[in-house]
Amino acid sequence: MTLTVSDLEVHYGRRRALEGANVRINPGEVVSIVGPNGAGKSTLLNCIAGLVPASSGAVVADDVELTAMSAERVVRAGVALVPEGKHVFASLSVAENMRLAAAAFRGHAPDAIRHATARFPKLQDRQSQRASSLSGGEQQQLMIARALVGSPKYLLLDEPSMGLAPQVVQEVFAILRALAQAGVGVLLVEQFVTQAVAVSDRVHVLARGRVGDSMTKAEAEQAIDAGSFFEAYSGRTVQPADMAQPRPMGGS
Amino acid sequence: MNAATATQTPTREPERLRRQSKLAKLLDTGPHWSTALVLTVVALAAYGLLGLMGFGRDANEALIMLVAVLGLYGYSGTTGIASFGHVGYMAVGGYVAMLVSLPSYVKSYRLTGLPGWLSTMELNPYLALLVAFAAGVVAAAIFGLLVWRLSGLAAGISTLAFLLVIYSVTSGWEDVTGGRGAVPGVPSISAGPTAMVLAVAAIWVTTLFARSRAARLAHAAREDEAAAHAIGARVYVGRWIAMVYSGGLMALAGALYVYFVGSISPDFFYISMMFTLLTYLVVGGMTSITGAVVGTMLVQLLREVLDPLDNGFHVVGVTFDGRPGLRFVVLGLLTLVVLTRRPGGVFNGFELRLPRRKSSQIGADDD
Amino acid sequence: MDRTLQAIADAISSGSLYALIAMGIALIFGVMRLVNMAYGETVVATIYVAYFLRDQSPVVVIVGMLLAGIVLSVVIERLAFRPLRNASPTTMLIAAFAVSFTLQNAALATVGASPRSVSAGSSLAEVRHLGPVDVPAYSIVTVVAVIVIVVALRAFLVKSTLGIGMRAASEDFDAARLLGVRANSVIRIAFVFSGAIAAVVGYLLVSATGVVTPTSGTTPALLGFIAVVIGGMGSLPAAAGGGFLLGAVTQILQYVLPTDALVFRDAILFSGVLLLLIWRPQGLFINSKTIQERA
């Protein structure tokens with residue numbers, strides 16, 4: 001039981017946005033993909049989720065081939081994406097957002113919704129409020145809660161920390177860790193390297209469309225401490241010159 | 001959020017063009033001066049072909065339409081704003097030309113609302129073409145100033161509103177424009193040679209324009225609206241210049257059309273003409289001059305070839321009476337097929353040129 | 001005073017019809033960001049169906065018109081618009097134009113250009129006297145129809161899951177897909193409703209005019225697009241508002257202008273539209289809050 005991305009390539013016109021990506025996520029682990037802007041991180045997630053077609057390669061989740069599936073079917077197959085940025089339906093209430101998410105799945109909607117919002121007490125209090133009136137952190141929580149309604153086996157998140165205060169980011173990442181402990185496979189794409197590494201089991205670096213091999217959290221933290229995080233991955237995969245070294249956590 | 005950026009979509013055929021290196025020698029991503037040369041040859045050849053096929057009159061019309069399409073390209077092709085109302089400039093040009101060159105005895109009884117100086121004016125039709133061009137430039141300058149900040153759909157609809165105003169004025173102002181009725185006495189010119197000269201001139205001038213800074217400014221606004229705002233007003237100036245250029249050219253085409261047909265009517269310059277021009281642009285490709293020129297000649301040829309659908313034919317014992325409008329159904333379907341399979345048109349933004357002498361790399365700059 | 005009341009009554013009636021047209025167009029724009037240029041031809045098609053069913057009972061005629069509107073709309077979506085779903089707005093717009101042009105000429109080639117007289121709804125041409133104003137029955141029906149359709153649509157969009165899905169898809173199409181909202185279904189439903197409204201518009205239009213030609217739909221559709229843009233794109237109530245305003249102002253101008261100037265009614269109207277667009281390109285009834293939500 002894994003989510004496997006094999007030699008995935010995505011082209012926009014003649015431009016190759018993602019080249020030969022190989023990633024694997026097992027249930028219960030958190031895998032992070034870090035890298036600079038424009039490297040192709042969103043492209044990778046959008047392709048897995050079915051929003052963007054692959055030009056070659058494959059995505060397989062628990063023996064189900066997702067590669068050519070449309071987004072609506074991918075989410076029903078148990079792979080849910082929380083996209084980058086603000087994507088709550090602003091004109092809908094929190095409850096309507098959740099109800100919509102539940103509509104795609106069989107089973108008792110109210111139960112599924114309750115289960116999904118169990119981790120988010122703040123959302124439970126704001127059921128009838130318009131989504132646009134929620135704070136940034138609450139909106140992010142809503143987006144995650146929506147994605148959880150179908151009890152996905154794999155959760156993909158595109159820069160969930162964006163625009164959030166550090167403390168809120170901690171809360172969100174804690175929730176991700178808890179989800180992994182509950183058996184969900186989490187694939188996290190982030191610019192916030194040190195925090196992402198802290199919550200992950202494994203880390204990949206993605207730069208210029210290429211995904212490096214995975215390193216364990218320990219290896220990653222060692223490299224950060226040594227100030228050589230991106231060099232640990234240089235060679236054919238990334239060009240460390242374009243990126244700033246991440247600083248170790250707890251230090252400045 | 002867009003799964004793909006506004007101007008690009010993921011594709012499964014990344015390397016196809018690179019394999020066509022022979023073709024690459026003839027194609028460029030922007031117009032070269034040799035593009036104008038190639039296109040002139042293409043246009044004249046198509047003109048000759050139409051003439052040989054017996055469609056002399058329609059060959060002239062093709063060249064006049066070419067001037068109009070180049071005008072439309074001058075705006076929509078550079079700014080990326082789909083303009084539905086640019087035909088209004090054709091109306092401006094057509095009516096101005098008519099007003100200044102119509103014999104005064106006709107004006108005295110048919111267009112009684114004209115001021116004295118206009119009523120007695122009887123300009124040489126060739127001079128009238130110039131006046132028409134100027135009128136188009138002025139109209140576009142004014143209209144362009146009004147709408148230069150608009151983008152996207154609002155800009156497109158604003159040009160539509162412009163067209164509707166013009167249509168309303170030309171149909172309603174009986175005393176000045178003749179309204180919907182016939183206006184006799186429109187002078188004639190030797191349509192063929194004039195159209196040829198003007199069409200060729202239009203090809204060269206439009207090529208020059210497309211290479212100009214103004215066009216590049218207008219283009220910048222289209223690619224990334226937010227970044228363009230950051231650059232500031234200069235981008236809007238580009239749009240305005242594109243509008244002025246296209247207004248003038250289309251007014252010229254409108255005047256030519258009136259002389260060619262020998263009469264005038266508000267319906268000449270309305271939805272039907274708009275769609276015809278749009279078809280020409282779409283088939284060839286709206287984003288390159290080559291697309292505009294080749295598209296026009298191609299579709300015009302097609303229109304003639306399909307004529308039997310409208311007017312009937314008798315072939316190998318099969319007789320078909322002809323249903324007027326049928327050939328436009330075919331043309332419309334063709335446009336749809338082009339749009340769905342290859343929205344960039346046949347040329348997809350590329351320009352024809354004389355083969356490069358040096359390298360065969362696409363985009364290599366050897367100017 | 002009576003003349004003023006009459007003007008107001010006519011304005012309301014005309015405004016309501018255009019509000020309907022604008023809604024039919026806005027429904028599709030909301031989910032697809034496509035201005036359905038072929039809407040006029042869809043309306044005309046329903047009227048031609050009424051013509052061909054002219055010997056049948058009124059119920060058959062109405063059902064026929066509804067079916068025609070819905071089927072044609074769904075077919076157009078499937079064949080012309082679905083392949084272009086990810087294309088640029090300009091391409092989609094031109095495609096819509098192409099569909100419109102093709103349909104118009106198809107009508108020309110099959111039924112011909114001469115006007116056909118259609119009796120459907122002719123009973124609605126009877127004039128009723130409501131106090132000081134004379135109002136043709138179809139005006140009353142138009143206003144009722146608008147109210148019923150607005151209320152029904154609102155209920156659908158707010159109460160049903162499918163409706164919520166449509167609202168979500170209108171706001172953020174891809175995010176909706178990521179929640180499992182079926183893109184094809186949402187769009188198809190929008191076209192079904194739009195087609196049904198087209199039939200209603202066709203019925204009301206022909207009860208007022210009594211004839212149909214292949215080009216009968218051009219002007220109403222044009223006015224519809226303009227209405228959607230000046231009212232505010234992407235919002236159904238705003239579009240209805242824009243339609244109502246346009247229709248009402250057209251009638252008011254008809255009353256207010258001196259006879260000599262009547263021929264310039266459209267010129268004045270559209271100059272006003274131009275000025276409106278320059279002043280508020282985002283639409284009259286869209287405020288900054290709504291824009292923020294959609295950002």
Side-chain angles (χ1 to χ4, degrees), chain B residues 1-4 6-7 9 76 80-82 84 143 146-147 149-158 160-169 171-174 179 271-272 274-275 278-279 281-282 286 309-310 323-336 339-341 343-344, chain C residues 29 33 35 79-80 82-84 86-95 97-110 112-113 172-175 177 214-215 218 222-223 225-226 228-230 233 262-278 281-283:
Chain B
M1 164 182 71
N2 252 329
T7 51
T9 42
S76 292
I81 295 173
F84 306 105
F143 186 67
L146 286 176
V147 299
R149 284 199 190 279
L150 295 177
S151 312
L153 213 49
I157 297 281
S158 71
L160 196 57
F162 170 71
L163 174 63
L164 289 168
V165 170
I166 303 245
Y167 183 69
S168 167
V169 168
S171 344
W173 211 353
E174 274 282 337
I271 307 284
S272 190
M274 184 79 242
F275 186 74
L278 223 45
T279 312
L281 259 190
V282 162
M286 190 149 97
L309 281 178
D310 271 17
R323 316 278 323 196
L326 198 52
R327 67 179 170 158
F328 290 124
V329 172
V330 175
L331 279 175
L333 289 173
L334 171 70
T335 311
L336 276 171
L339 282 172
T340 49
R341 294 303 162 87
Chain C
F29 186 81
R33 294 296 178 271
V35 180
L79 293 179
R82 190 180 296 186
L84 290 175
N86 290 316
S88 70
T90 310
T91 306
M92 286 203 286
L93 204 46
I94 300 178
F97 224 146
V99 173
S100 159
F101 185 72
T102 306
L103 285 176
Q104 246 189 49
N105 280 286
L108 202 61
T110 46
D172 193 333
F173 197 71
D174 281 336
R177 289 179 65 200
T215 53
T218 313
L222 269 180
L223 290 172
F225 314 138
I226 295 181
V228 172
V229 175
I230 62 175
M233 296 178 277
L262 268 182
V263 279
F264 297 116
R265 184 199 68 182
D266 285 349
I268 298 173
L269 184 68
F270 295 120
S271 303
V273 166
L274 253 175
L275 291 174
L276 213 59
L277 277 173
I278 296 169
Q282 73 273 28

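Computed from a predicted structure; not experimentally measured. Residue numbers begin at 1 in each chain, while the letters A, B, ... track the order of the sequences. The figures that follow rest on heavy atoms only: side chains count, while hydrogens, waters and symmetry mates do not.
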### Query
By a 4.5 Å heavy-atom criterion (distance strictly below it), what part of Val282(B) contacts chain C: side chain, backbone, both, or neither?
side chain
### Query
In Å and rounded to the nearest 0.5 Å, what is the OG1 to CG distance from Thr91(C) to Leu339(B)?
6.5 Å
Hey, can you pull the donor-acceptor pairs under 3.5 Å for the side chains in residues 267-275 of chain C, sequence neighbours left out?
unit_1: Ser271(C); atom_1: OG; unit_2: Ala267(C); atom_2: O; d: 2.6

### Query
Rounded to the nearest 0.5 Å, how far apart are CG of Leu108(C) and CZ of Phe328(B)?
9.5 Å
#### Entry: Heavy-atom side-chain contact between Arg327(B) and Asn105(C) under 4.5 Å
no
#### Entry: Closest contact, heavy atoms only, Ala95(C) versus Leu336(B)
O-CD2, 3.7 Å
### Query
In terms of the angle between their ring planes, are Phe275(B) and Phe97(C) parallel, tilted or perpendicular, with boundaries placed at 30° and 60°?
tilted
### Query
Taking the side chain as C-beta and beyond, is there a heavy-atom pair between Ile271(B) and Leu222(C) under 4.5 Å?
yes
#### Entry: Heavy-atom proximity to chain B below 4.5 Å, by part of Thr110(C)
backbone
### Query
Under a 4.5 Å heavy-atom cut-off, does chain C meet the side chain of Tyr167(B), its backbone, both or neither?
neither
### Task
Tell me, for Leu160(B) versus chain C, whether the close heavy atoms (under 4.5 Å) come from the side chain, the backbone, both or neither.
side chain
### Task
For residues Val263(C) and Ser168(B), report the shortest heavy-atom separation together with the two atoms involved.
O-OG, 3.6 Å
#### Entry: 4.5 Å side-chain heavy-atom contact, Ile226(C) and Leu164(B)
yes
### Which of Asp266(C), Thr102(C), Leu103(C) touches chain B most, by non-hydrogen pairs under 4.5 Å
Thr102(C)
### Message
Among Leu163(B), Thr335(B), Leu278(B), which residue has the highest count of heavy-atom pairs closer than 4.5 Å to chain C?
### Response
Leu278(B)
### Query
Out of curiosity, Phe225(C) CZ to Ile157(B) CD1, how far, rounded to the nearest 0.5 Å?
7.5 Å
### Query
Gly325(B) and Ala109(C): which non-hydrogen atoms are nearest, and at how many Å?
C-CB, 4.2 Å
